[in-house]
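Each chain gets a letter, A, B and so on, in the order its sequence line appears, and its residues count up from 1.
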2 protein chains.
Amino acid sequence: MKHLPRVHLNGLRAVEAAGRCGSLSAAADELGVSVGAVSQQIIKTEAQLGAAIFERTGRGIRPTGLGQQFVDRLSLGFQTLDAAVAMTRHHTDSVLTISVAPVFASKWLVPRLARYTRAHPETKLRLEASTDLINPDSSDIDLAIRVGEGDWPGVKSEYLLPQEVFPVCAPALADALETPEDILTAPIIRDANSNIAWDVWLKPLGLDQRDLVEGDSFTDAALCLDAAIAGQGVMLAWHTLAHDALQCGRLVAPFQERARTRYSYWLITSENRQEPAKVREFKAWLRGEIEEMLEI
Amino acid sequence: MKHLPRVHLNGLRAVEAAGRCGSLSAAADELGVSVGAVSQQIIKTEAQLGAAIFERTGRGIRPTGLGQQFVDRLSLGFQTLDAAVAMTRHHTDSVLTISVAPVFASKWLVPRLARYTRAHPETKLRLEASTDLINPDSSDIDLAIRVGEGDWPGVKSEYLLPQEVFPVCAPALADALETPEDILTAPIIRDANSNIAWDVWLKPLGLDQRDLVEGDSFTDAALCLDAAIAGQGVMLAWHTLAHDALQCGRLVAPFQERARTRYSYWLITSENRQEPAKVREFKAWLRGEIEEMLEI
DNA sequence: CGCTTTGTTTTAGAAAAACTATATGAAACA
DNA sequence: TGTTTCATATAGTTTTTCTAAAACAAAGCG
């Protein structure tokens, strides 16, 4: 870029349009400005280049020999820029980037995505599995699903559903669990990263988490679920994450009681950016899936 | 150009520079503006695109997946534009376009150009043979040589030499021309387009053009000269155009008397544009050639 | 020849964009 | 913990660009 800084980009665009269209008026029309504006831009650019790009014939303008070559090359350059912008538009229109926690992705979202893809084949999905708080304005995330209190600043948070937790275990283990008190005898599978205490479920039943029997501990909720399915013990599972395993009978919930934590599921989008169609569609689909899950 | 109009060109340049340089400060440095200006431009462009091009990491910026592709394509586009501008600069620096009357080109200028090319091999000459009045500001003519009274508006006119005319003919014919009166007996070759009357030469000698013997007539001074060389008659030749033929003896001037017309040779350049080196050099060379011709 | 059409340039003033300087904030360095 | 590095926010200023209307200029036409 040794020579470009010497001239105004808008002037180059005016020159290109005028050269391609063959007249200032046609160029002004294309650029959506007045004829005078185009004339001024071209004159200024010619001065900056120190060379005449057009001959004025009284019947209109005609590129000089140099001018024609120049215009041709400018056209090429602007076409490239246009293609670059077109690419982003296509990308933003057709690629939906979703940020979700890895466990929620694998245990709930991914198994349902095939239905979404079937309903919206024109949208390519890109899943970004991460627990970091994201800002849709300063990343290419279109939409995130997060569990929390919905008080994140600088983003738009829409309530999805409450977070409910309850004990789950393998069917074989469940036989020994007839009343809530029996849970104090079963090994407890713990998610070391979870900040949800058993008390949230035990307290309303008059029990205390300090009486629980320690079992295995994992750093990932997905591993806990797998351990529970394998019959390693009882875990305090999130409703959403356990749902599918409960459906197909690989897990069971020995007790009816469910506890609501102080957290909920929230759908995070940009506060500033206008909602694109792909986001609107995904949100509608997501609410439908949640509806369906809650009905069962 | 369906997508480009949606975004600001200057913003695209900021995005490209930031993406290539890897940081706003480096981009600001390259663009010669403040960091804040670059930041604002990029933010505005991202809003116009409706997509994030950079991720903000606290340690600086990093292009998103889409952003990197976008920046790469922008780089390509701006390189093309830069090359286009570079081309005009090279062209204006190294190509000298001269407008001269066709006859002056063929009978005087072209035979001398080899010497110029030898002295200035870096300058490519382009001769535009035309008698039209030109305007160096609204065409790609750098310099013109014209015969007239030097009163053209809107251009810079520099005096070169007076126009002198005198009769010339083939050596064989000259034997019969001992005194000016003898010219009334010889056939006169006429340039139908010339506006120089024989009286300008005849009157000071007490003769009248109405007594001349009509010979052949041509619409081009070059053809008249060729006819004179072929011995068809006597013509009233311009000093400059006849000079080379006189030097090598193919024409002779039977009489010493020369007449000055009211016209002169003028060198026309742009009134507004600053004089490039190539023009200055050519002017110096031209004055040298004229000097040399007048000495002989 | 004057009149009309077509097309560019010139103005002056208005509107929009871009820029600077400074303050603020946030992460890494050490 | 303070320092450095980088990006962003804000407010006011400067610069650029635009519009609208008039002025030109060259053709084409009755």
Does the side-chain hydrogen bond (donor to acceptor under 3.5 Å, both in side chains) test come out yes or no for E16(B) and S75(B), once each step is laid out? CA-CA 6 Å; E16(B) 192 274 335; S75(B) 289; 2.6 Å; yes

For the pair made of CD1 in I43(B) and P in dG25(C), what is the distance, rounded to whole Å? 16 Å

Does H91(B) offer a backbone N or O that forms a donor-acceptor pair with the side chain of K124(B) under 3.5 Å? no

Interface with DNA chain C, restricted to residues 20-42 of chain B and to heavy atoms under 4.0 Å: V33(B), S34(B), A37(B), Q40(B), Q41(B)

Any H8(A) side-chain nitrogen or oxygen under 4.0 Å from OP1 or OP2 of dT15(D): no

Please state how far atom CD1 in I61(A) lies from atom P in dT8(C), giving the value in whole angstrom units. 6 Å

With distance as the sole criterion, is a donor-acceptor pair present between the side chains of H8(B) and Q48(B) under 3.5 Å? yes

E46(A) atom CD is separated from dT8(C) atom P, nearest whole Å, by 13 Å

If I take atom CZ in residue R62(A) and atom P in nucleotide dT8(C), what distance separates them, rounded to the nearest angstrom? 12 Å

According to a strict under-4.0 Å criterion, is R56(A) in side-chain N/O contact with OP1 or OP2 of dA25(D)? no

Examine dT16(D): is either OP1 or OP2 under 4.0 Å from a nitrogen or oxygen in the side chain of K44(A)? Give yes or no. no

Residues in ring-ring contact (aromatic ring centres under 6.0 Å, His included) with Y263(B), at least two apart? none

Which class fits the ring pair F104(B) and Y265(B): parallel under 30°, tilted 30 to 60°, perpendicular over 60°? tilted

Whole-Å distance between dT17(D) P and L12(A) CG? 11 Å

The nucleotide from dA18(C), dC29(C), dG28(D) with an atom nearest the side chain of N10(B) is dA18(C)

Could you state the atom-to-atom distance from CG of L9(A) to C1' of dT16(D) in whole Å? 13 Å

Is L267(A) close to F282(A) at the side-chain level, that is, under 4.5 Å between some pair of heavy atoms? no

